[in-house]
A.B. asks: 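Handing you a structure now.
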Amino acid sequence: MQIVKNIEELRSIIKWWRGEGHSIGLVPTMGYLHDGHKSLIEKAVSENDRVVVSDFVNPTQFGVNEDLSSYPRDIDRDAAICEAVGADVVFHPDPEEMYFPNHCTFVDMDRLTKGLCGKTRPTHFRGVCTVVSKLFNIVTPDRAYFGQKDAQQLAVIRRMVRDMNFGITIVGCPIVREADGLAMSSRNTYLNPKEREAALVLHKSLVLGEGMVHAGQKDAKKVKNAIRENIEKEPLAQVDYVEIVDVENLEPIDTIEGPFLAAVAVYIGKTRLIDNLKGE
Ligand code: AMP
């Protein structure tokens, strides 16, 4: 396995692979890999001849007061995980390699990015769409792998690929959780032991909401309120949003009649965590 920092070097590896007739999978990440990332890489390895894992803390998807500088990083550990799982290349460019000093071209989207996380992170998805487009152009994968953990990101990427005719298959992968239900996230490392305990309230509250739907509750507002009230019982938690939306277009729904996505963002202390649950 190789760690590649340079775009042209990666392009020549891709060209070589294509010459050999290999299919290529891409797993975009911001590094500090955990079992959630690992599940994406494993799936990519099982479905493609060659796999590139990008490991890049993308500055353009962080807002000015967000955690770009403190975001955890450990490329040596990440590379060992990728190698063990069977990836072929870890693409780990410096920010200057990815963005020219006068970079001024962005990929953005009118819908899907305004609600949920887009409300408090108005430039986030522009950064995500831009960096993922760049990675798609550099790697030209057959398939790219994204986690359902970031449900809005997955829906946005699917739409971008469709609208911009990227011709890449987007593979969504299920949320990997800790044994107690907390969705794995690189940001969980920010939590102290009390916050770690408090963070369980996200998944527990989503499960409570799902239980209401299974018991026949169709009124999305009632389910949303119950989820919110349960989260608010936890003193260390502060709700950013609780929403029940359409799985594809992410528009809020009033009546739960078919598939739905219940999504939450919650501050636990200073750490903003997201979680979601897809229901039928
Ligand atoms: P990140 O490094 O946080 O940008 O995540 C890179 C990719 O891994 C994204 O597609 C995420 O949705 C996915 N991912 C992160 N956490 C999890 C998880 N707990 N389960 C499944 N996929 C995840």
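For the single chain, residues carry numbers from 1 onward in sequence order.
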A.B. asks: If you measure from the Lys or Arg side-chain nitrogens to the Asp or Glu carboxylate oxygens, is any gap between Arg50 and Asp142 under 4.0 Å?
C.D. replies: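 Answer for the salt bridge query: no.
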A.B. asks: Can you measure from NZ (Lys270) to CZ (Arg187) and round to the nearest 0.5 angstrom?
C.D. replies: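 One gets 15.5 Å once the value is rounded to the nearest 0.5 Å.
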A.B. asks: Quick one: list whatever passes ring pair (Phe, Tyr, Trp, His ring centres under 6.0 Å) with Tyr99, sequence neighbours left out.
C.D. replies: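 His103.
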A.B. asks: Among side-chain atoms of Thr120 and Asp240, is any donor-acceptor pair under 3.5 angstrom?
C.D. replies: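 Looking only at side-chain atoms, Asp240 and Thr120 do form a donor-acceptor pair, the distance falling under 3.5 Å.
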A.B. asks: Taking side chain as C-beta onward, heavy atoms only, is Val223 less than 4.5 Å from Phe260?
C.D. replies: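 Heavy-atom side-chain distance check fails, nothing below 4.5 Å.
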A.B. asks: Would you say the side chains of Thr29 and Asp55 form a donor-acceptor pair under 3.5 Å?
C.D. replies: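 Per modelled atom types, Thr29 and Asp55 side chains form no pair under 3.5 Å.
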A.B. asks: Do Val107 and Val131 belong to the same hydrophobic cluster, where Ile, Leu, Val, Met, Phe, Trp and Tyr are linked whenever their side-chain heavy atoms lie under 4.5 Å apart, directly or via other members?
C.D. replies: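 Yes, same cluster.
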A.B. asks: For residues Gln2 and Glu9, determine if any side-chain heavy atom of one lies less than 4.5 Å from a side-chain heavy atom of the other.
C.D. replies: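 Contact flag for Gln2/Glu9 side chains = yes.
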A.B. asks: Does some side-chain heavy atom of Phe166 sit less than 4.5 Å from a side-chain heavy atom of Val132?
C.D. replies: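 When only atoms from C-beta onward are counted, Phe166 and Val132 do not touch, as no gap falls below 4.5 Å.
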A.B. asks: Would Thr123 and Phe106 count as a side chain to side chain contact (heavy atoms under 4.5 Å, CB included) if you check the C-alpha gap in whole Å, the side-chain angles of each, and the deciding distance to 0.1 Å?
C.D. replies: CA-CA 11 Å; Thr123 58; Phe106 294 90; over 6 Å; no
A.B. asks: I'd like to check Leu182 versus Arg196 (side-chain heavy atoms, cut-off strictly below 4.5 Å). Are they in contact?
C.D. replies: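 Side chain of Leu182 against side chain of Arg196, heavy atoms only: contact under 4.5 Å found.
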A.B. asks: To the nearest 0.5 Å, what is the distance between NZ (Lys15) and CZ (Arg11)?
C.D. replies: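 It comes to 11.0 Å.
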A.B. asks: Of all heavy-atom pairs between Cys173 and Lys43, which one has the smallest distance, and what is that distance?
C.D. replies: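 Nearest heavy atoms, Cys173 then Lys43: SG-CD, 4.1 Å.
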A.B. asks: In the single-linkage hydrophobic clustering (I, L, V, M, F, W, Y; side-chain heavy atoms under 4.5 Å), do Val27 and Ile157 co-cluster?
C.D. replies: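 The answer is no; the residues belong to distinct hydrophobic clusters.
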A.B. asks: Below 4.5 Å, heavy atoms only, C-beta onward: do Lys194 and Pro235 meet side chain to side chain?
C.D. replies: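 Lys194 vs Pro235: side chains apart.
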A.B. asks: Where do Phe62 and Glu66 come nearest, in terms of heavy atoms and distance?
C.D. replies: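 Residues Phe62 and Glu66, closest heavy atoms: CA-OE1, 3.5 Å.
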A.B. asks: How close do Asn249 and Glu251 get, counting heavy atoms only, and between which atoms?
C.D. replies: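 Asn249 and Glu251 have their closest heavy atoms at OD1-N, 2.8 Å.
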A.B. asks: Is the side chain of Asp78 donor-acceptor paired with the backbone N or O of Tyr32 at a distance under 3.5 Å, no angle test?
C.D. replies: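 Yes; at least one donor-acceptor contact below 3.5 Å.
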A.B. asks: Using a 4.5 Å cut-off on heavy atoms from C-beta on, say whether the side chain of Ile14 contacts that of Val52.
C.D. replies: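 Side-chain contact under 4.5 Å: yes.
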A.B. asks: Indicate, with yes or no, if Met30 and Phe56 share a hydrophobic cluster defined by side-chain heavy-atom contacts under 4.5 Å among Ile, Leu, Val, Met, Phe, Trp and Tyr.
C.D. replies: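 No, Phe56 and Met30 fall in different hydrophobic clusters.
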